[in-house]
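Structure first, commentary second.
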Amino acid sequence: MEIDKAITECDDRRLKTKYSNAIYVIQRTLALYSIEEVAFSFNGGKDSTVLLHLLRAGYFLHKGEKSCSNGDVKDFPIRTIYFESPSAFPEINSFTYDTATTYGLQLDIIRSDFKSGLEALLNAKPIKAIFLGVRMGDPTAVGQEQFSPSSLGWPPFMRVNPILDWSYRDVWAFLLTCKVPYCSLYDQGYTSIGSIYDTVPNALLCINNSSGSKEVFRPAYLLSDGRLERAGRVKKLPSSVSGHNPAVINGLDNMDLHNSSLLTASAIAVGDEILFGTVEDQIGPSLCRKLHSFGWLVSQTAVVRNDIDSVAEEVERRQSTDDMVFIYGGVGPLHSDVTTAGVAKAFGVRLAPDEEFEEYLRHLIGDQCTGDRNEMALLPEGITELLHHEKLIVPLIKCKNVIILTATNALELDEEWNCLIELMRSDDVLLMMQSFVSKHLTTNLTDVEIARPLSKLCLEFPDLYIGCHRKSRKEPLILYFKGKDQDRIESAVEALNKKFCPGAFVEINSS
């Protein structure tokens, strides 16, 4: 059959792996269900076009070449469901009906809303499983597996997702390798097609046209970054939405943010080696100083074991109470590198292949990163954003309000932090707050002498952070006052001096 032959003879090892896995899912389904019990949902888009031809090849291979050799190419026995929407592009409808004629598809057309139409169809037909062209990254894909029962409230059937782990690149590699027809809209710059009301050509494919006439777009398969395939979907957001991530900024607007003192961050180190005392954590203290310089309050630092549940519990706790969480350590290919899995579990999502991140890894480690076997390229599904910077070998990983750092020491942290600050200016990843100011004093008074007056001072100035420490038991006590109002700090120091004899406290350099 031409599909299987085209893939077998191509040089794309990744595509061959994806194809083999998808064919296995299809053959497994056809072994579990009779041909009358399966159906195929087709919508004329690129993903369902790929699935159509995978099903043709899978059915051919399932039945065996000998028994199918006398069958006409139009004899495709799997029932096909098509939801005909009044808001669909005319090109999608035309392509669908042309495809049905070419390949002999038995169309069951639903013209009502999809849920009730599907329920009526399943009541009338013995359908138990439906092949879907769902891919990870699709809004409906979260939580699905290759075999997933239908959602609560829907008619019961098995959702079969043969291309769940396929990327945008895989889809176009298949269509172009197999030289099968696809909807003409994709040659006009459309990369993800919804309805006529929410879909436009992808601006990233626009060709500058100096003549000032109608815009011209390159075809969809030339989009270099598959993560941006939905950039042509028009997002209709309420006017009240500020455009910022509420998980990061707690719903405050820009003016509130820059005047607020409430934004907090926490730092989580992942590593048994720190807990065993084998190595010292260099990153945590440095990160605290950097955040403090930006006017952020560090609410907590923590060290957790190289254990998915331990990471997940700490991330879940901190991301719900802090505006931002930084986590480091436990990132890589080793058995102890569990950070990304822990973050995924904290947010209740699974790890999914990320084609773009895999390309970065492929550049770093070459052929050791092949096909879909690289677990380092698995990132939390549906919540991951890659933060690009030209000075970073791989992007920073951001999952909602959690940033995963790959630094292993303070120098590497400096580089990542500087890149993050540059990204911050355009993306509001980390907002500059009103800076902290501070004053340090030293005294030869004993802890007993100063304890009660200092406690009362804390009650008088609850907006300030007043603390004390010693470098050693034999050295003088050091007091520090931190806040965002210099006048309040001066007032607190003056109030403290009034409680003791003159000269009891001496100001020292805060560095």
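Only a predicted model underlies this, so the values are computations on that prediction, with no experimental measurement involved.
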Could you tell me if the side chain of [Y] sits less than 4.5 Å from the side chain of [X], heavy atoms only?
X	Y	result
Phe326	Ser266	no
Val38	Ile127	no
Val311	Ile327	yes
Met158	Tyr33	yes
Val25	Asn21	no
Tyr103	Arg56	yes
Leu396	His389	no
Leu291	Trp417	yes

Does atom [atom1] of [X] have more than 12 heavy-atom neighbours, drawn from other residues, nucleotides or ligands, at distances under 6.0 Å?
X	atom1	result
Lys16	NZ	yes
Arg28	CZ	no
Asn123	CG	yes
Ile393	CD1	no

Donor-acceptor contact below 3.5 Å, side chain [X] vs main chain [Y]:
X	Y	value
Asp47	Val134	no
Thr199	Gly194	yes
Gln146	Pro162	no
Asp12	Arg14	yes
Thr17	Arg13	yes
Glu314	Ser310	no
Ser150	Pro155	yes
Lys398	Lys400	yes
Arg159	Pro149	yes
Ser41	Leu132	no

query: Cut-off 3.5 Å, side chains only: do Ser167 and Asp170 have a donor facing an acceptor?
result: yes
- prompt: Side chains of Asp198 and Ser195: donor-acceptor distance under 3.5 Å anywhere?
  reply: yes
query: Using the ring of each side chain (for Trp, its six-membered ring), is Tyr182 parallel, tilted or perpendicular to Tyr186, with breaks at 30° and 60°?
result: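 Ring orientation of Tyr182 relative to Tyr186: perpendicular.
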Do you know the tightest heavy-atom contact between [X] and [Y]?
X	Y	answer
Val402	Gln319	CG2-CB, 4.1 Å
Gly44	Ile92	O-CD1, 3.6 Å
Ser85	Asn93	O-ND2, 4.5 Å
Val200	Tyr190	C-CE2, 3.7 Å
Leu205	Gly189	CD1-O, 3.8 Å
Pro156	Leu122	O-CD1, 4.1 Å

Would [X] and [Y] pass as an ion pair if we require N to O under 4.0 Å?
X	Y	value
Glu229	Arg135	yes
Asp322	Arg317	no
Lys115	Glu119	no

- request: Please round to the nearest 0.5 Å and tell me the distance separating atom CG of Leu222 and atom CZ of Phe217.
  value: 13.5 Å
task: Mind running side chain to side chain donor-acceptor pair (under 3.5 Å) on Asp4 and Tyr19 for me, showing each step along the way?
output: CA-CA 9 Å; Asp4 190 66; Tyr19 172 78; 2.6 Å; yes
task: For Gln188 and Ser184, run side chain to side chain contact (heavy atoms under 4.5 Å, CB included): C-alpha distance rounded to whole Å, both residues' side-chain angles, the deciding distance at 0.1 Å, then the answer.
output: CA-CA 7 Å; Gln188 301 172 34; Ser184 61; 4.0 Å; yes
- prompt: Do Lys46 and Trp172 meet the cation-pi criteria used here (NZ or CZ under 6.0 Å from the six-membered ring centre, within 45° of the axis)?
  reply: no
